[in-house]
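Accompanying notes for the structure given below.
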Amino acid sequence: MSNDLVEKFVRLCNHLQDPRHVARFQDACGVKGTFPVNPTESDGGHSGTQRPGLRRRVQQGAPGSDVTAGNGATSPRVNGTQGDVTVEPDTTRAKPLRRNSLTGDVGQEFLIQNKFLFYLFTSGTELGNEMFFIAFFPFLFWNIDALVSRRLIVVWAWNLFVGQSTKDMVRWSRPASPPVVKVEVFYNSEYSMPSTHAMTGTAIPFCLFMLTYGRWQYSFLFGFCVALSWSILVCVSRIYMGMHSVLEVITGFLYSLLILAFFQPILGNIDSFYMTDPFAPLVIIVSHVSLGLVAFSLDSWSTSRGDTAQALGTGVGAAIATHINYQLGLLPDPPLSSLPLTLPPITPGLVVLALLRFFIGVAFILVTRMVMKAVTIPFLCRLFGLPSDDVRHARQHMKVELPYRYIVYSVVGFSCVCVVPLIFRILNLA
């Protein structure tokens, strides 16, 4: 009986991992590929049904090499028309918005027949990218609820660490292309199991819901529907983008709920420790750097390792800033007697004040990030005797990428939580 259940479960997993489901969903959503004709393969992409195995990293500097998709088909590096493709009047030619940060691959041109779904799912996938979090966490911290933002950053950092580390241990390749159309190629060189976009796209809205329900006045149904809609949009967008199979997205969703169930009861204790314990800064730095070293030792260089260090670095900076704010009596949390909190009336003055805080603060963070990047990478290259003329190659060394990500994003996290609120106080915007 148990063996039958295991076999059925394995068959179900293999079925959900099939890239042809992704291709069918993309086709239903109006995404069409412009793949070159490969006479050695029959129609239907039977090779795409192979079970996922270990992915071979694409090596930089291999002359004349192309990126090889999971099913053995070669994808051109340069976008362009492939073969004779009939373009209907309501069809738009498009290509991935960003090139792959590891290989420089710009992806394959594709056709869009439903612009609404294209823009909807492009927006959905951005909810899991760096620029969204650079805007979302600060806005929440500066304008709505600092306590909630602090605790969300803890959950976000741990989700990315666990998810990206799991990718490097499982080592499943991205869905094969063809049949899948790569609407996005930025993360194509990473492993794919589980979907970390699905993880953060589930953890952030549901953690936000659990942290604010009862603390702020709103109905349970409203909060739950917003969290669920956010999560579904991000999860489905990863299938639309051709970055994940159905199984990988479902696994990311469930994995995130498991991590959230573990952290939710202890988030308050973690936050209190960060604020009050005299040894908190030392523990924060040692623990986060140790986790980064573990993540960087799992596999060869990839964008996933950089994202892990970036999240952990942001967590370090935000946690140390939390400790300093508490010790100096800055940004005290509202007393428990004032709960539940209610949104003030939305007036033009309040909107202008919130937007001023947001744009001034984000501008400061982006400038800080740009300056720290420009200074840190050349410094580390000189420190370790590496050439600094090829930044992409230099960052494939752990001794450059790990400290670079930690230094830059710990400063960004610290600036968001401590420095920018001080600037607001000086400018009378607090």
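Just so you know, residue 1 is the first one in the sequence shown, and it goes up from there. Excluded from the calculations below are hydrogen atoms, water molecules and symmetry mates; all remaining heavy atoms, backbone and side chain alike, are included.
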Among side-chain atoms of Asn129 and His197, is any donor-acceptor pair under 3.5 angstrom?
-> yes
Roughly how far, to the nearest 0.5 Å, is the CG atom of Leu140 from the CG atom of Leu147?
-> 10.0 Å
Plane angle bin for Phe25 and Tyr240 - parallel if under 30°, tilted between 30 and 60°, otherwise perpendicular | perpendicular
Residue pair Tyr274 / Arg150, side-chain donor-acceptor N/O under 3.5 Å | no
No-hydrogen, no-angle side-chain donor-acceptor test under 3.5 Å, Thr342 and Gln217 | no
Any side-chain heavy-atom pair from Cys29 and Phe118 closer than 4.5 angstrom?
-> no
Between Val31 and Asp27, is any pair of side-chain heavy atoms under 4.5 Å apart?
-> no
Just wondering, do Thr202 and Val234 contact through their side chains at under 4.5 Å, heavy atoms?
-> no
Does Thr200 reach the side chain of Phe133, with side-chain heavy atoms less than 4.5 Å apart?
-> yes
Centroid-to-centroid, Tyr213 to Phe224, below 6.0 Å?
-> no
Can you find a pair of side-chain heavy atoms, one from Leu247 and one from Trp172, that are under 4.5 Å apart?
-> yes
Side-chain donor-acceptor pair present, Thr196, Lys167, cut-off under 3.5 Å | yes
Going by atom types only, do Ser173 and Tyr191 share a side-chain donor-acceptor pair under 3.5 Å?
-> no
Do Thr212 and Tyr218 have side-chain N/O donor and acceptor atoms under 3.5 Å apart?
-> yes
Should the pair Glu248-Arg238 be classified as a salt bridge under the 4.0 Å nitrogen-to-oxygen rule?
-> no
